[in-house]
Amino acid sequence: DTGVGKSSIVWRFVEDSFDPNINPTIGASFMTKTVQYQNELHKFLIWDTAGQERFRALAPMYYRGSAAAIIVYDITKEETFSTLKNWVKELRQHGPPNIVVAIAGNKCDLIDVREVMERDAKDYADSIHAIFVETSAKNAININELFIEISRRIPSTDANPPSGGKGFKLRRQPSEPKRSCC
């Protein structure tokens, strides 16, 4: 959904900043960040997609071939948690088979106006074998932890990397070769 804080989470992770007047994403934006995880460098290639309904049809372009997806809801708006379940269903039906799913309940700094109970969201995440974290992009709560857990769950694409390089790309290769005509 729009306004849940998807872009704010990405900006906090990549730039370690927060803009309360951030503009809604049109279509999608792309950012990268390389982080050290244990003894490896992990490069995140992040597509931040628009939340407006009119852009929903574009979403498969961005999650196709992805190793992970973060689906964000606003803990102060119950309807965003309901919509999240539709996104999970869409991802499971049309996304890569082994995609790591993370559910982020954003705006956990606004607990006095909470509408989605943490236990309910955690139970749902557990039922679909997803990562669950409550975050605050505004106050930098659990943002890095979210991405660290994704790093932990995504297997290396090369089980025996050469001794010089220990990084991996957080993007799966297509399961079948691309075909072209003519």
Side-chain angles (χ1 to χ4, degrees), residues 1-37 40-77 79-81 83-88 90-92 94-96 98-110 116 118 121 125 128 130-154 157 167-172:
D1 280 1
T2 189
V4 297
K6 298 177 299 297
S7 298
S8 293
I9 287 173
V10 173
W11 272 98
R12 176 59 78 181
F13 177 63
V14 174
E15 301 289 339
D16 195 22
S17 68
F18 178 79
D19 178 358
N21 301 312
I22 195 167
N23 289 321
T25 303
I26 305 298
S29 67
F30 180 76
M31 298 183 85
T32 66
K33 182 172 181 175
T34 301
V35 297
Q36 176 96 20
Y37 176 73
E40 298 177 341
L41 288 178
H42 294 184
K43 185 171 185 177
F44 286 89
L45 310 173
I46 305 166
W47 283 105
D48 173 20
T49 60
Q52 296 99 323
E53 181 64 33
R54 62 187 167 155
F55 295 112
R56 186 178 180 108
L58 298 176
M61 283 189 336
Y62 302 107
Y63 63 68
R64 194 173 296 127
S66 294
I70 301 170
I71 306 174
V72 183
Y73 71 95
D74 178 343
I75 71 156
T76 71
K77 295 181 180 168
E79 68 271 15
T80 66
F81 184 64
T83 303
L84 168 139
K85 294 175 182 178
N86 294 330
W87 279 111
V88 169
E90 161 88 11
L91 200 54
R92 294 291 192 216
H94 303 290
N98 298 321
I99 192 165
V100 173
V101 176
I103 294 175
N106 198 35
K107 305 185 185 180
C108 70
D109 54 296
L110 301 175
V116 181
E118 185 175 9
I128 62 163
I131 295 165
F132 172 73
V133 181
E134 282 201 343
T135 60
S136 170
K138 180 179 180 180
N139 294 340
I141 298 170
N142 287 335
I143 301 298
N144 289 332
E145 291 79 358
L146 172 62
F147 287 89
I148 288 167
E149 184 60 21
I150 290 169
S151 277
R152 195 179 75 69
R153 293 224 194 158
I154 294 177
T157 55
F168 66 87
K169 222 169 45 162
L170 291 179
R171 186 167 175 82
R172 295 197 194 286

Working note: K33 + M31, criterion side chain to side chain contact (heavy atoms under 4.5 Å, CB included); need CA distance, chi angles, decisive distance, verdict.
CA-CA 7 Å; K33 182 172 181 175; M31 298 183 85; over 6 Å; no

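- In plain terms, the two heavy atoms of I141 and C108 that are nearest each other are CG2-SG, 4.0 Å.
- The list of salt bridge (Lys or Arg N to Asp or Glu O under 4.0 Å) pairs with a residue in residues 133-146, not counting sequence neighbours, reads R114-E134.
- Residues L41 and Q36 come closest through the heavy atom pair CD2-OE1, 3.6 Å.
- Note: K6 NZ to I46 CD1 = 14.5 Å, rounded to the nearest 0.5 Å.
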May I have the step-by-step check of side chain to side chain contact (heavy atoms under 4.5 Å, CB included) for D109 and K107, ending in yes or no?
CA-CA 5 Å; D109 54 296; K107 305 185 185 180; 4.3 Å; yes

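- Taking OG of S66 as the start and CG of L45 as the end, the distance is 9.0 Å to the nearest 0.5 Å.
- Minimum heavy-atom separation, A125 to F132: CB-CB, 3.5 Å.
- To the nearest 0.5 Å, the span separating CG on D74 from OG1 on T80 amounts to 5.0 Å.
- For F147, the ring pair (Phe, Tyr, Trp, His ring centres under 6.0 Å) partners are F13, F44, not counting sequence neighbours.
- Interatomic distance, W11 CH2 to D19 CG, rounded to the nearest 0.5 Å: 9.0 Å.
- For the pair V14 and T32, the tightest heavy-atom approach, listed with the atom from each and the gap, is CG1-O, 3.6 Å.
- Of the candidates T135, I9, N106, T135 is the only one forming a side chain to side chain contact (heavy atoms under 4.5 Å, CB included) with N142.
- Between K43 and T34, the closest heavy-atom pair is CG-OG1, 3.5 Å.
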Carefully, step by step, assess Y73 and T83 under the rule side chain to side chain contact (heavy atoms under 4.5 Å, CB included).
CA-CA 8 Å; Y73 71 95; T83 303; over 6 Å; no

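- Counting heavy atoms from C-beta on, the side chains of I70 and I150 come closer than 4.5 Å.
- Going from atom CD1 of I99 over to atom CD1 of I154 covers 8.5 Å, rounded to the nearest 0.5 Å.
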Where do I128 and I103 land on the side chain to side chain contact (heavy atoms under 4.5 Å, CB included) test, with the steps shown first?
CA-CA 10 Å; I128 62 163; I103 294 175; 3.8 Å; yes

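- Considering every non-hydrogen atom in both A130 and R153, the closest pair reads C-NH1, 4.0 Å.
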